[in-house]
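These numbers come from the heavy atoms of this one structure, side chains and all, not from hydrogens, waters or symmetry mates. Just so it is clear: chains get the letters A, B, ... in the order the sequence lines come, proteins before strands, and each one is counted from 1. The shown structure was predicted, so the numbers you read here are calculated from the model rather than taken from an experiment.
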Protein chains: 2
Amino acid sequence: MNVLEKIVSSVNNFSKSERKVADVILANPQVTIHSSIAALAKMADVSEPTVNRFCRRLDTKGFPDFKLHLAQSLANGTPYVNRHVEEEDGPEAYTAKIFESTMAALDTARQRVDISTINKAVDVLTQAKKISFFGLGASASVAHDAQNKFFRFNVPVVCFDDIVMQRMSAINSTEGDVVVCISHTGRTKNLCEIAAIAKENDATVIGITAYESPLARECSLVLSLDVPEDTDLYMPMASRVAQLVLIDILATGFTLRRGSKFRENLKKVKDSLRGSRFDKKDMSL
Amino acid sequence: MNVLEKIVSSVNNFSKSERKVADVILANPQVTIHSSIAALAKMADVSEPTVNRFCRRLDTKGFPDFKLHLAQSLANGTPYVNRHVEEEDGPEAYTAKIFESTMAALDTARQRVDISTINKAVDVLTQAKKISFFGLGASASVAHDAQNKFFRFNVPVVCFDDIVMQRMSAINSTEGDVVVCISHTGRTKNLCEIAAIAKENDATVIGITAYESPLARECSLVLSLDVPEDTDLYMPMASRVAQLVLIDILATGFTLRRGSKFRENLKKVKDSLRGSRFDKKDMSL
DNA sequence: CCAAATACTGTAATTAAATTACAAAATACT
DNA sequence: AGTATTTTGTAATTTAATTACAGTATTTGG
């Protein structure tokens, strides 16, 4: 929990004067980090030791240490203390909040993702005879994106968002094939079945899903992101972004494993698009 | 540019002793922010004023101010000074780097995005008779995702990744229809044509694309993200994530504009999925 | 309702930290 | 080689933060 959140949550444990300090800090956090303890004390109309005690109450060593913590909380601009979008938020507020909560989610994802599993997944993918990406609903677009990436590697890639096609594809999979199932909750029945079918047919099943979920149980390898989903609007948001970043990571690992020559091919793939685009110089049209 | 990057980039402008300081800081940035100037001077085997001068050279007011800046750079864990994935990077390194560069990209996107345009776009979308999302290649999955979101609002939404379908759809658009064209570069010829056709037919064309691009010129409203694309691997990565977040923002703006009753409907949409999922309690299967 | 205890707050003294001024080396340049 | 310039360190000064203590408010129990 960052310092700002901490201040808000423990606002009730503060004494009257400490509360004054809290109010001033919350009102001008950016000013605070560039103020001396004397200046802040004056702003809050309290004594300097009170400010110091306030800092200690928040488990910091003292005022300078507190400023350090505060600076870290403010690292990405002045964040909204509450990142949840609210009824009365204007465009500025909800835009900032969504960016912030997405970045925060990526940060947790980074901390929680298991590197050795990523490495294993990359292993498996580089050796795959065929790679399939399956997702339903919001995860379908993640699967499409994965296809778009891995397709460039000149490996057989398929991607279906149709359960019948997924099913047929899963049944036809064999040893050496890799099936990547994407589902935030890991509780989508159809996808669990697909995973089970693929597994029965000796394919390696990688799950980009929640730990301990029904889907995870069907998988040979589980990549869990454990992003706290922002349920305010009943839509998958942060989780899906984290999934995409994970796809990026797998794709990157894949290319690194393949060596530098391989990457020249990627450049060719990109260059092949040139004909379909307006030239960067000639923008007259 | 954050302080760490700044140190690395100006390492040649440093004097011998300043360089010692730089080395110590880069080696233990986390330690540095909790050290006094005396401690750091000792670690670097230089005098205290040298450390102070070092801080000033980096455009900070002095040592405490420098620590503040450093703390902000380290806010999200110890970042890789160089965020670009390199040949010799192991799984841990490239995973962290991709997370970091994506977060950094979102941060720039947030700073650069124009709030008033977002507001206008939300305006237009809430009043739309029909919303179409068009993208090609990597942007196609963003379009799909957008469809998945806006579809829940019970508004007519279409999404095509096939240029023929896109073209037909664009020709059939009329006043009151909104066409959202997604392209990072804004130079995909086919998409520019689609935008032009839609515009000719009096649809409002929103471009999620680069400023001053051919596509932007065809649009009524341009939402530019200006994310520096990580071209290391010749694949769209950060740009696409930023686009998705923008979609989230538009969707959020949409629901807020519609009021709280509307959001109850969203809950219903989500609840309707329950039948397709394993119960959270009953995870026996 | 009053007294005693406890918690809160501020003043003043102390300590610690950072900065400045200046002098001595070291380096570069003629 | 000698001078100018830059770099570096020592010591003094200033500034900031913390501690100790005392006074004030607040609560609690009689």
Side-chain angles (χ1 to χ4, degrees), chain A residues 3 6-74, chain B residues 3 6-74:
Chain A
V3 192
K6 214 167 184 173
I7 295 175
V8 175
S9 72
S10 54
V11 83
N12 295 317
N13 303 330
F14 291 146
S15 70
K16 211 190 295 174
S17 300
E18 281 169 345
R19 215 199 144 120
K20 281 194 212 169
V21 179
D23 289 342
V24 171
I25 293 171
L26 290 175
N28 339 298
Q30 291 288 358
V31 176
T32 304
I33 57 173
H34 295 112
S35 305
S36 68
I37 194 168
L40 184 60
K42 205 170 179 182
M43 280 196 279
D45 192 32
V46 298
S47 70
E48 299 178 26
T50 299
V51 175
N52 195 280
R53 284 187 281 259
F54 171 87
C55 298
R56 290 241 164 83
R57 197 175 288 274
L58 292 155
D59 300 315
T60 61
K61 285 185 180 176
F63 184 69
D65 189 45
F66 169 79
K67 285 208 291 185
L68 239 47
H69 283 269
L70 187 59
Q72 297 201 319
S73 303
L74 299 174
Chain B
V3 191
K6 215 167 185 173
I7 296 175
V8 175
S9 72
S10 55
V11 82
N12 296 317
N13 303 330
F14 291 147
S15 69
K16 211 190 295 174
S17 300
E18 281 169 346
R19 215 200 143 116
K20 280 194 214 168
V21 179
D23 289 342
V24 171
I25 293 171
L26 290 176
N28 338 299
Q30 292 288 358
V31 176
T32 305
I33 57 172
H34 294 113
S35 304
S36 69
I37 195 168
L40 183 59
K42 204 170 180 181
M43 280 196 277
D45 192 32
V46 297
S47 71
E48 298 179 26
T50 299
V51 175
N52 194 281
R53 283 187 282 260
F54 171 88
C55 298
R56 290 240 162 85
R57 198 176 287 275
L58 293 155
D59 301 316
T60 61
K61 287 186 180 177
F63 184 70
D65 189 45
F66 169 80
K67 284 207 293 185
L68 237 47
H69 283 268
L70 187 60
Q72 297 200 321
S73 304
L74 300 174

Task: Heavy-atom donor-acceptor pair, B:R56 side chain to B:K61 backbone, under 3.5 Å - done: yes
Task: N/O (side chain, B:R56) to phosphate O (OP1/OP2, C:dT20) under 4.0 Å - done: yes
Open item on the list: In whole Å, I'd like the distance from the CG atom of B:L40 to the C1' atom of C:dA18.
Closed with: 13 Å
Open item on the list: Please report the distance, rounded to the nearest Å, between NZ in B:K42 and C1' in C:dA17.
Closed with: 16 Å
Open item on the list: With a 3.5 Å limit on both atom pairs, tell me what C:dA26 is paired to, counting Watson-Crick and G-U wobble, or say none.
Closed with: D:dT5
Task: Distance, rounded to the nearest Å, where A:N52 contributes CG and D:dT18 contributes C1' - done: 6 Å
Open item on the list: From the set C:dA21, D:dA17, C:dT27, return the single nucleotide nearest to any side-chain atom of A:I37.
Closed with: D:dA17
Open item on the list: If I take atom CD in residue A:E48 and atom P in nucleotide D:dT18, what distance separates them, rounded to the nearest angstrom?
Closed with: 10 Å
Open item on the list: With a 3.5 Å distance limit and no angle check, can you tell me whether A:T60 reaches the backbone of A:D65 through a side-chain donor-acceptor pair?
Closed with: no
Task: Under 3.5 Å: donor-acceptor pair, side chain of B:E48, backbone of B:A38 - done: no
Task: Spacing between B:F14 atom CZ and D:dT6 atom P, to the nearest angstrom - done: 18 Å
Open item on the list: Less than 4.0 angstrom between a side-chain N/O of B:K20 and OP1 or OP2 of D:dT8, yes or no?
Closed with: no
Open item on the list: Please report the distance, rounded to the nearest Å, between NZ in B:K16 and C1' in C:dA25.
Closed with: 11 Å
Open item on the list: What contact category does B:R19 fall into here, base, sugar-phosphate, or nothing, at under 4.0 angstrom with non-hydrogen atoms?
Closed with: nothing
Task: Presence of B:S15 side-chain N/O under 4.0 Å of D:dT7 phosphate oxygens OP1/OP2 - done: no
- [ ] Measure the spacing between CE of A:M43 and CG of A:D23 and express it to the nearest 0.5 Å.
- [x] 12.5 Å
Task: Phosphate OP1/OP2 of C:dT19 contacted by B:K61 side-chain N/O (<4.0 Å) - done: no
Open item on the list: Among C:dG10, C:dT20, C:dA18, which nucleotide has an atom closest to any side-chain atom of B:P64?
Closed with: C:dA18
Task: Presence of A:T50 side-chain N/O under 4.0 Å of C:dC8 phosphate oxygens OP1/OP2 - done: no
- [ ] Starting from P on C:dG10, measure out to CZ on A:F54 and report it in whole angstrom.
- [x] 14 Å
Open item on the list: From the set D:dA17, C:dA18, C:dT9, return the single nucleotide nearest to any side-chain atom of A:R53.
Closed with: C:dT9
Task: Residue A:P49, side-chain heavy atoms: nucleotide from C:dT9, D:dA17, D:dA20 that is nearest - done: D:dA20
Task: Spacing of B:F66 atom CZ relative to C:dA18 atom P, expressed in whole Å - done: 12 Å
TODO: Go through D:dT10, C:dA17, C:dT11 for me and flag the one nearest to the B:S36 side chain.
DONE: C:dA17
Open item on the list: Looking at B:S36, is its backbone amide N or carbonyl O close enough to the side chain of B:K67 to form a donor-acceptor pair, meaning the two atoms are under 3.5 Å apart?
Closed with: no
